[in-house]
Amino acid sequence: MERLQVGAFYQDMQQRLELELLGSPQGLSRFITEKNLHRPGLALAGFIELFTFDRVQVLGNTEIRYLKSLDSGAIIQSLQRMFSFEIPCLIISGTGDIPPELPSVADEKGIALFQTKLSTTELTQLLTNYLDDKFAPSTVVHGSLVDVYGTGLLFTGRSAIGKSEIALDLVERGHRLVSDDVVTLTKKTEGVLIGSGSKMLKHFMEIRGVGIMDVRQMFGVRAIRLQKRVETEVELVEWDKAQEYERLGLEEQYKDYLGVKVPHIRLPIYPGKNITVISETIALNFHLKVYGFHPARDFNQALKETLLNKTRVKSYLEGDYE
Amino acid sequence: MVAQQVTLKNKLGLHARPAAHFVRLAAQFESNVFLIKDDVRINAKSIMGVMMLAAEHGATLTIECEGEDEQELLAKLVQLVEDKFYEE
């Protein structure tokens, strides 16, 4: 999301943050464009260079106490100076009394002013989480996301290659569908990619030749989930003799989504190949690797040791004519 | 059918990576390929089979090709072994 209207923010978080709107609602039409917060102590005191006015401004005890230490004229002057900037909105934390000049100057400048009973620390934490979430970079991919034994497998590949059918088959075997056809990928924190479906599509899916079905209705709530970390992408490709496919799995291939490296497997398919069982194997193998087992590496290590040993024994015995 | 004996010259012998090279090359051809070491004969399009041989440095193997493109395949496989599987 690029910008978030203050009104939408108020609607989302009014209850969670126990927000109360002081003064007029005209400021609700402004936009938040930054996920960071700012404590404007210095701006209140008059230092407005480098003032990050485009952030949500949080007025804690310190700021309020400072304002109260001034006389009415100085308060108004300080607020007018600060509020002449295009501030998205102001939030006062704590239950203390506030100077009456604060809501009136905010109204005059058309800035929404909220107050919450939460402490500044609590407010900052919750608000940061919320804004991080809203402003997290995201992208939409064509594919199906299924939670297979707890591993988020993202199936991609050209239209009609069978992504939905595989997802359906996995659901039938007790795995959980996140989304079919359209998956929104959001980078939550560094290295973590979360996939979710769209509100509109929910858990509907189209099966070619049959039509639209509702996975939740059909298989129940156990068969679905709303979001899942994307842990491996399985790209389905038609089997082509001329192409080379992975035989060992010694080296991981990755694909980049929003700067997150997602393990990438190119899986050739042809009639009669049981992609569902292979998908389950991919999911379980992913778990093994997480727990430190790497079958391809372990196998090769054992093989190399055997080979080295043989060579060693051989060279020792060479020319040994005792 | 054509066949040729080769000796493994790469340091580690037929571990996973050389085996994968061998199998990938073999898979591109129509002919059947077999690898013979001592008295074990395996289908060389199967990677697990090739690795099972545990053919070490200096081991002697026979490559056997059988099919329409056997000549070309055998030549390429022998070349691959000679090239030490691009390892060194």
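Here is how names work: the chains are called A, B, and so on, in the same order as the sequence lines, proteins then strands, and each is numbered from 1.
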| What part of Gln243(A) lies closer than 4.5 angstrom to a heavy atom of chain B: side chain, backbone, both or neither? |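 For Gln243(A), there is no contact with chain B at all, as no heavy atom is under 4.5 Å.
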
| field | Part of Tyr245(A) lying under 4.5 Å from any heavy atom of chain B | value |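 It is the backbone, since no side chain atom gets that close.
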
If we ignore hydrogens and angles and just use 3.5 Å, is the side chain of [X] paired with the main-chain N or O of [Y] as donor and acceptor?
X         : Y         : result
His264(A) : Asp256(A) : no
Lys163(A) : Arg158(A) : yes
Lys273(A) : Pro268(A) : yes

| message | Can you tell me which of Thr306(A), Leu250(A), Leu308(A) forms the most heavy-atom pairs within a distance under 4.5 Å of chain B? | response |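 Of Thr306(A), Leu250(A), Leu308(A), Leu250(A) has the most heavy-atom pairs under 4.5 Å with chain B.
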
At a 4.5 Å cut-off on heavy atoms, which part of [X] comes close to chain A: side chain, backbone, both, or neither?
X        : value
Leu8(B)  : neither
Ala19(B) : neither
Met52(B) : neither

| Rounded distance (nearest 0.5 Å) linking atom CD of Glu233(A) with atom CG of Leu185(A) |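 So the CD of Glu233(A) and the CG of Leu185(A) are separated by 9.0 Å.
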
| query | How many angstroms lie between CD1 in Ile265(A) and OH in Tyr254(A), if you round to the nearest 0.5 Å? | reply |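 Atom-to-atom, Ile265(A):CD1 and Tyr254(A):OH are 10.5 Å apart.
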
